[in-house]
Undergrad: 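Provided herewith is a single structure, encoded as C-alpha cells, for subsequent inquiry.
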There are 2 protein chains.
Amino acid sequence: MTTNPSDSRAYFFKIDTTMKKIRQSLQKKLDDAQLDITVDQWVLLDHIYRSQKNGISQNELAEMTVKDAPTVTRIIDLLVKKGLAERAMAENDRRRFNISLTADGEKKFHDAFPIVAEVRRKGWGDLSENDYQTFVRILDSIYNNITG
Amino acid sequence: MTTNPSDSRAYFFKIDTTMKKIRQSLQKKLDDAQLDITVDQWVLLDHIYRSQKNGISQNELAEMTVKDAPTVTRIIDLLVKKGLAERAMAENDRRRFNISLTADGEKKFHDAFPIVAEVRRKGWGDLSENDYQTFVRILDSIYNNITG
DNA sequence: CAGTTGTATTTGTTAAAACAACTGTTAGTG
DNA sequence: CACTAACAGTTGTTTTAACAAATACAACTG
C-alpha cells in the first residue's frame with residue numbers, strides 16, 4: 001500500500017481481491033474433491049445446517065448471507081435439484097418455507113467441511129489470535145458504518 | 001463472533017458479507033447520482049485511469065482486478081459501448097490492445113471518484129491509522145497465504 | 001368484513017464470474 | 001523455414017447478483 005493520497009484508504013480493492021482469491025481457491029479444492037457444489041451453494045448449505053433445529057426461511061438465509069431473495073431462491077432450487085435440501089411448507093404461515101437439509105445434504109456438509117476448514121487454516125497461516133480479534137473488530141466496524 | 005469452535009476462524013463469511021455491503025452501498029450511490037456505471041465497471045475505469053500513461057492490456061487488468069480474461073473482455077465491451085474506454089491495437093504486438101479512457105471516460109472517473117471516496121470514508125469511520133496498517137497487513141497476508 | 005398494507009417467494013432481465021474451447025499472433029526449437 | 005508451444009483475446013455456457021414486478025398469503029384498519 002503506497003502513501004499516495006488517492007490510494008490511501010483504498011481498502012475496498014484489497015478486501016475484494018482477497019475474497020476473490022479465497023473463493024477461487026476454495027472452489028478449486030471443492031472441484032478437485034468432486035463435491036459438485038459451488039462456493040455459494042456451500043455457504044447456504046452451511047447456514048441451513050447450522051440452523052436446522054428450527055428450520056429456516058429463505059428470507060432469513062438471504063439476510064444472513066447478504067444475498068437478495070431471488071438469488072437465494074435460485075441457489076436453493078439448485079440444492080433441491082441436487083437432492084441436498086428440501087422445502088417444507090411452514091404450518092403456521094403458508095407463504096413461508098422451512099428449508100432443511102436432506103440426508104445427502106448433511107453428508108455433503110460433512111464431506112465439504114474439512115476442505116473449507118483447510119482453506120481457512122491455510123489463509124490464516126500464522127497470524128495471531130490478537131490479529132484475529134482486530135480483524136473481526138475492523139470488519140464488523142466497517143459493516144456497521146456502511147449499513148448503519 | 002462466538003467462541004464456538006466450528007465458528008472460530010470463520011472469517012470468510014465476514015469478509016464476504018462486509019464486501020457485499022460495501023458494493024451494495026456504493027452501487028446505490030452511483031445509481032442515485034445517475035452515473036450509469038456498475039461497481040465492476042468503476043473498478044476497471046479506476047485501474048485504466050491510473051495506468052493511462054503507458055496504456056494497459058486486458059490481461060494486466062485481469063490480473064490486477066483478480067477477474068478472468070473473458071470477464072474483462074465483457075466489461076470493457078460495455079465501457080466501450082458507453083463511450084468511456086477505447087481499444088487501441090498495440091503497435092508491437094498485434095494480439096494485444098492498449099486500453100485507455102476517452103475524454104468521457106475521464107470525466108466519468110472524476111464524477112464518480114468523490115462518491116467512491118465518500119463511501120470509503122463512511123466505511124472506515126473513526127478507525128485508526130494503526131488499524132489501517134494492521135488491516136492491510138492481515139489482508140495481504142491472507143492473500144499471500146492463499147495464493148502462495 | 002372489505003380494503004389496504006406488508007411479507008415470502010418467484011419470474012424476468014442485465015451484469016458479472018469462471019471454466020472450456022476457439023481464433024489469431026508471437027516466440028522458440030529443430 | 002516448418003513446427004510447436006505460448007500468449008492475448010473472444011465466444012459459449014452455467015451460476016450468481018440485484019433490481020423490478022408479479023403472485024400469494026397474512027395482518028391490520030376502519
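In what follows, chains are A, B, ... by sequence order, proteins preceding strands, each numbered from 1.
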Undergrad: Quick one: are A:L84 and A:I48 in side-chain contact, heavy atoms under 4.5 Å?
TA: no
Undergrad: Atom CD1 of B:I75 to atom C1' of C:dT14: distance rounded to whole Å?
TA: 13 Å
Undergrad: Where each pair must be Watson-Crick or G-U wobble with both distances under 3.5 Å, what dot-bracket representation of DNA chain C is obtained, with crossing pairs in [ ] and other-strand partners as |?
TA: ||||||||||||||||||||||||||||||
Undergrad: Let me know the distance between CZ of B:R96 and P of C:dT25, rounded to the nearest Å.
TA: 16 Å
Undergrad: Whole-Å distance between C:dT14 P and B:K82 NZ?
TA: 13 Å
Undergrad: When all nucleic acid strands are considered with a 4.0 Å heavy-atom cut-off, which category describes A:Q27: base, sugar-phosphate, or nothing?
TA: nothing
Undergrad: Extract, from 5' to 3' on DNA chain D, the first and final nucleotides lying under 4.0 angstrom from some heavy atom of chain B.
TA: D:dA6 to D:dA18
Undergrad: Between P on C:dA8 and CG on A:N92, what's the gap in Å once rounded to a whole number?
TA: 12 Å
Undergrad: For a quick test of reading the model: is some side-chain N or O of A:T73 closer than 4.0 Å to OP1 or OP2 of C:dT10?
TA: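 Result: yes.
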Undergrad: For the pair made of CZ in B:F97 and C1' in C:dT23, what is the distance, rounded to whole Å?
TA: 12 Å
Undergrad: Under 4.0 Å, heavy atoms only, any strand: does A:T71 hit a base, just the sugar-phosphate, or nothing?
TA: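 Contact class for A:T71: base.
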Undergrad: How many Å lie between CG on B:D77 and C1' on C:dA15, as a whole number?
TA: 12 Å
Undergrad: Find the distance B:R23:CZ to C:dA15:P and express it as a whole number of Å.
TA: 15 Å
Undergrad: If you check the B:D40 side chain, which of C:dA16, C:dA8, C:dT9 turns out closest?
TA: C:dA16
Undergrad: Quick one: which of C:dT26, C:dA20, C:dG6 gets closest to the side chain of B:P70?
TA: C:dA20
Undergrad: Classify B:D31 by what it touches in the nucleic acid, base, sugar-phosphate, or nothing, heavy-atom distance under 4.0 Å.
TA: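 Touches nothing.
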Undergrad: Over how many whole Å does the gap from B:D68 atom CG to C:dA16 atom P extend?
TA: 13 Å
Undergrad: Pick the closest DNA chain D nucleotide for A:K81 and for A:R95 by heavy atoms, then say which residue is nearer the 5' end.
TA: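 It is A:K81, whose closest nucleotide lies nearer the 5' terminus.
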Undergrad: Please verify the inter-ring angle class for B:H110 with B:Y49; under 30° counts as parallel, over 60° as perpendicular, anything in between as tilted.
TA: perpendicular
Undergrad: So B:R74, base contact, sugar-phosphate only, or nothing? Heavy-atom distance under 4.0 Å.
TA: base
Undergrad: Can you say whether the rings of B:W124 and A:Y11 are parallel (under 30°), tilted (30 to 60°) or perpendicular (over 60°)?
TA: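 B:W124 vs A:Y11 ring planes: tilted.
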Undergrad: Check this for me: B:D126, atom CG, are more than 12 non-hydrogen atoms of other residues, nucleotides or ligands nearer than 6.0 Å?
TA: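 It does not: B:D126 CG has 12 such atoms or fewer within range.
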